Amino acid sequence: FNKIDAITIEELDILDQMPNYVPISSQHEWNLEELMEEIWHRCSMLRVYTKPKGQIPDYDEPVILHAENPTIEEFCNRLHKSIIDSFSHA
């Protein structure tokens with residue numbers, strides 16, 4: 001539900017009892033992070049952060065995979081199609 005800035009607390013309490021509901025205000029950018037987390041959860045997606053040897057993890061560009069039965073091959077293919085051919089162990 002958008003425009004939570006235009007309703008009363010009582011109306012928000014009623015809406016809060018609805019399933020699949022995340023209250024937001026796009027104008028004021030209220031609760032957008034919770035909306036994004038709910039979308040990720042509903043889409044069954046997960047983030048995998050890569051870490052080059054001897055460096056810190058790259059938190060800016062995660063590899064996105066479906067959470068149901070992700071495979072090493074799928075992960076490698078998201079990075080580059082040729083990586084799986086030289087992959088030996090995980």
Side-chain angles (χ1 to χ4, degrees):
F1 182 80
N2 193 9
K3 299 188 179 191
I4 62 169
D5 54 318
I7 64 174
T8 66
I9 294 294
E10 292 79 18
E11 292 170 318
L12 184 58
D13 287 340
I14 292 169
L15 289 171
D16 206 25
Q17 296 173 14
M18 296 175 59
N20 305 317
Y21 163 77
V22 177
I24 67 165
S25 171
S26 57
Q27 179 180 4
H28 297 289
E29 298 182 2
W30 294 344
N31 222 22
L32 296 180
E33 189 64 35
E34 184 177 337
L35 174 62
M36 291 303 297
E37 288 303 317
E38 185 66 19
I39 291 170
W40 277 90
H41 174 72
R42 296 281 175 184
C43 292
S44 296
M45 304 291 280
L46 60 91
R47 299 173 187 99
V48 178
Y49 298 96
T50 59
K51 180 188 173 300
K53 193 172 188 175
Q55 298 179 19
I56 61 171
D58 179 7
Y59 292 115
D60 294 328
E61 294 187 38
V63 178
I64 309 302
L65 299 172
H66 290 281
E68 296 182 22
N69 301 321
T71 65
I72 296 295
E73 181 177 5
E74 181 183 1
F75 175 78
C76 290
N77 286 337
R78 296 287 172 132
L79 297 175
H80 196 277
K81 300 286 183 197
S82 66
I83 291 178
I84 195 67
D85 295 333
S86 62
F87 192 80
S88 62
H89 65 280

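Just so it is clear, the values below take in all heavy atoms, side chains as well, and ignore hydrogens, waters and symmetry mates. Worth saying up front: this structure is predicted, and the values here are computed from it rather than measured.
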Colleague: Which atom pair, heavy atoms only, marks the closest approach of Glu68 to Ser44?
Modeller: OE2-OG, 3.8 Å
Colleague: Hey, what do you get for NE2 (His80) to CG (Asp85), rounding to the nearest 0.5 Å?
Modeller: 10.5 Å
Colleague: Do Pro23 and Leu15 make a side-chain contact, defined as non-hydrogen atoms from C-beta onward lying under 4.5 Å apart?
Modeller: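 With C-beta onward as the side chain, the pair stays apart.
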Colleague: Report yes if the side chains of Glu74 and Asn69 come closer than 4.5 Å at any heavy-atom pair, otherwise no.
Modeller: no
Colleague: Is His28 atom NE2 crowded by more than 12 heavy atoms from other residues, nucleotides or ligands, each under 6.0 Å away?
Modeller: yes
Colleague: Supply the atom-to-atom distance Ile24 CD1 to Lys3 NZ, rounded to the nearest 0.5 angstrom.
Modeller: 11.0 Å
Colleague: Are Arg78 and Glu61 close enough for a salt bridge, meaning some N to O gap below 4.0 Å?
Modeller: no
Colleague: Evaluate side chain to side chain contact (heavy atoms under 4.5 Å, CB included) for Glu37 paired with Val22, printing each intermediate quantity in order.
Modeller: CA-CA 10 Å; Glu37 288 303 317; Val22 177; over 6 Å; no
Colleague: Same hydrophobic cluster for Tyr21 and Met36, using side-chain heavy-atom links shorter than 4.5 Å among ILVMFWY?
Modeller: no
Colleague: If you look at every heavy atom in Asp58 and Asp60, which pair is closest and at what distance?
Modeller: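 Smallest heavy-atom distance, with atoms named: OD1-N, 3.1 Å.
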Colleague: Report the distance from atom CD of Glu73 to atom OG1 of Thr71, rounding to the nearest 0.5 Å.
Modeller: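 OG1 of Thr71 is found 5.5 Å from CD of Glu73.
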Colleague: List the atom of Ile56, the atom of Lys51, and the distance in Å for their closest heavy-atom pair.
Modeller: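 That closest heavy-atom pairing would be C-CG, 4.1 Å.
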Colleague: Are Trp40 and Val63 grouped together when hydrophobic residues (ILVMFWY) are joined by side-chain heavy atoms under 4.5 angstrom apart?
Modeller: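 They do not share one cluster, since no chain of ILVMFWY contacts under 4.5 Å joins Trp40 to Val63.
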Colleague: If you measure from CG on Leu46 to CG on Leu65, what distance do you get to the nearest 0.5 Å?
Modeller: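 That separation rounds to 5.5 Å.
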Colleague: Quick one: do Ile14 and Ile4 end up in the same hydrophobic cluster if we chain Ile, Leu, Val, Met, Phe, Trp and Tyr together by side-chain heavy atoms under 4.5 Å apart?
Modeller: no
Colleague: Can you name the nearest heavy-atom pair linking Ile84 to Asn77, along with the distance?
Modeller: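 Smallest heavy-atom distance, with atoms named: CG2-OD1, 4.2 Å.
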Colleague: Could you walk me through whether Ile64 and Arg47 pass the side chain to side chain contact (heavy atoms under 4.5 Å, CB included) test, one step at a time?
Modeller: CA-CA 5 Å; Ile64 309 302; Arg47 299 173 187 99; 4.0 Å; yes
Colleague: Could I get the full list of salt bridge (charged side-chain N to carboxylate O under 4.0 Å, His left out) partners for Glu11, not counting sequence neighbours?
Modeller: none
Colleague: Count I, L, V, M, F, W, Y as connected when their side-chain heavy atoms are under 4.5 Å apart, and connections chain through other members. Are Leu32 and Ile39 then in the same cluster?
Modeller: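 Yes.
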Colleague: So, taking the atom named OG in Ser25 and the one named CG in Asn31, what distance separates them when rounded to the nearest 0.5 Å?
Modeller: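 The OG atom of Ser25 sits 10.0 Å away from the CG atom of Asn31.
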Colleague: Would you say Phe75 and Phe87 are hydrophobically clustered, going by side-chain heavy atoms of ILVMFWY under 4.5 Å?
Modeller: no
